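Take a look at the structure set out below.
Along the sequence shown, the residues carry numbers beginning at 1. The structure presented is a predicted model; accordingly, all values stated were derived computationally and were not measured.
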Amino acid sequence: MVLSDRSIKEAIEAGTIRIEPYSPRDVQPASVDFHLANKILVFRNSTLPYIDLKKDVPDLTDEVTIADDEPFMLHPGEFVLGSTLEKLTLPNDVVARIEGKSSLGRLGLMIHSTAGFIDPGWSGNLTLELTNVSRLPITLYSGMRIGQISFQQTTTEVDRPYGSKELNSRYQGQASPTASRAHLDFDSQIKRS
């Protein structure tokens, strides 16, 4: 069941869902608007001939800070990583989904490729996968509304929330855009005969 505006406000007031910073004016009928933080990870397209998923590639991105009232120009076809201004903390019986704002999607701005699902137990700022699919550059501003998060109640509390030691959750507690840690899948992969 998707939480309504009333249920979202009650969960925030009770402290079961935490959003920092939070403003009641960001609550929509069944979601909460989130905003873009001022850090962007820009890919260095000329440093590697390809991305090997088995290897850590720490020099693949550069961090750019969006100055107040200055735009970051996202060019057509460009892909960068941003993050939400808000830190989200979920209880062990709520999942969330982040989706783009309709007004931005109508201009060609996508805010995630596949990572829209947020597990119970998550705590941190969300990394956004920002892509411009239009034919014109799009300006991004620090603090602009970038997406909306909806919440669903699970049937029971989960046995192993995100961040549990046995899950090796690799993004718990992130505070800024975080590059992929896909190579860790191969480091811990069980070899089968």
query = Will you find, in the side chains of Q174 and T127, an N or O donor that is under 3.5 Å from an N or O acceptor?
reply = yes
key: Any donor-acceptor N or O pair under 3.5 Å, side chains K39, S83   = no
inquiry  = Run the side chain to side chain contact (heavy atoms under 4.5 Å, CB included) test on Y141 and D69 for me, step by step, so that the C-alpha distance in whole Å, both residues' side-chain angles and the decisive distance to 0.1 Å come before the verdict.
reply    = CA-CA 7 Å; Y141 291 90; D69 295 325; 5.9 Å; no
query = Any idea which heavy atoms bring D33 and H35 closest together, and the distance?
reply = O-CE1, 4.0 Å
request  = Grab the two heavy atoms, one from A37 and one from I66, that are nearest each other, plus how far apart they are.
outcome  = O-CD1, 4.2 Å
task = Rounded to the nearest 0.5 Å, what's the gap from CD1 on I138 to NE2 on H75? Could you check?
result = 11.0 Å
inquiry  = What I'd like to find out is whether the side chain of E99 reaches to under 4.5 Å of the side chain of S150, using heavy atoms alone.
reply    = no
message = Give me the atom names and distance for the closest heavy-atom approach of S134 to L107.
response = CB-O, 3.3 Å
message = side chain to side chain contact (heavy atoms under 4.5 Å, CB included) for F117 and R97? Distances and angles first, verdict last.
response = CA-CA 5 Å; F117 185 82; R97 288 202 62 84; 3.8 Å; yes
message = Using the rule that Ile, Leu, Val, Met, Phe, Trp and Tyr join whenever any side-chain heavy atoms are under 4.5 Å apart, tell me whether W122 and I12 fall into a single cluster.
response = yes
inquiry  = In the structure I gave you, are the side-chain heavy atoms of E78 and V42 within less than 4.5 Å of one another anywhere?
reply    = yes
ask   = Does one side chain, of Q28 or D5, offer a donor that lies under 3.5 Å from an acceptor on the other?
value = no
query = Is there a side-chain contact between K55 and H183, using heavy atoms and a 4.5 Å cut-off?
reply = no
Q172 side chain to S123 backbone, donor-acceptor under 3.5 Å = yes
Minimum heavy-atom distance between L136 and N132, given as atom pair plus value = O-ND2, 2.9 Å
ask   = When hydrophobic residues are tied together by side-chain contacts of less than 4.5 Å, even through go-betweens, does L41 share a cluster with L36?
value = no
Heavy-atom side-chain proximity of P120 to L90 below 4.5 angstrom = no
task = Check each of L74, L130, T131 against F79 using the side chain to side chain contact (heavy atoms under 4.5 Å, CB included) test, and report the only one that passes.
result = T131
message = Using every non-hydrogen atom in the two residues, find where I98 and I118 come nearest and quote the distance to one decimal.
response = N-CD1, 4.3 Å
4.5 Å side-chain heavy-atom contact, Y171 and Y162 = yes
ask   = Given the rule that I, L, V, M, F, W and Y join up when any side-chain heavy atoms are under 4.5 Å apart, are I17 and V95 in one cluster?
value = no
request  = Decide yes or no for D26 and F34: does some side-chain heavy atom of the first lie under 4.5 Å from some side-chain heavy atom of the second?
outcome  = no
inquiry  = Any heavy-atom pair between the side chains of D185 and L53 that's under 4.5 Å?
reply    = no
Distance (rounded to the nearest 0.5 Å) between D93 CG and E157 CD = 5.0 Å
task = Please report the closest heavy-atom contact between G121 and P161, naming both atoms and the distance.
result = CA-CB, 3.9 Å
key: Side chain proximity check, L140 to L109, heavy atoms < 4.5 angstrom   = yes
request  = Would you kindly say whether S23 and R25 are connected by a side-chain donor-acceptor distance under 3.5 Å?
outcome  = yes
same_hphob_cluster(M144, L128) at 4.5 Å side-chain heavy-atom cutoff = yes
request  = Using a strict 4.0 Å threshold on nitrogen-to-oxygen distance, state whether D119 and R160 make a salt bridge.
outcome  = no
key: Side-chain donor/acceptor of Q148 to backbone N/O of V32, under 3.5 Å   = no
ILVMFWY cluster, V57 and F186 together (side-chain gap under 4.5 Å) = yes
query = Does any N or O in the side chain of N38 come within less than 3.5 Å of the main-chain N or O of S142, such that one atom is a donor and the other an acceptor?
reply = no
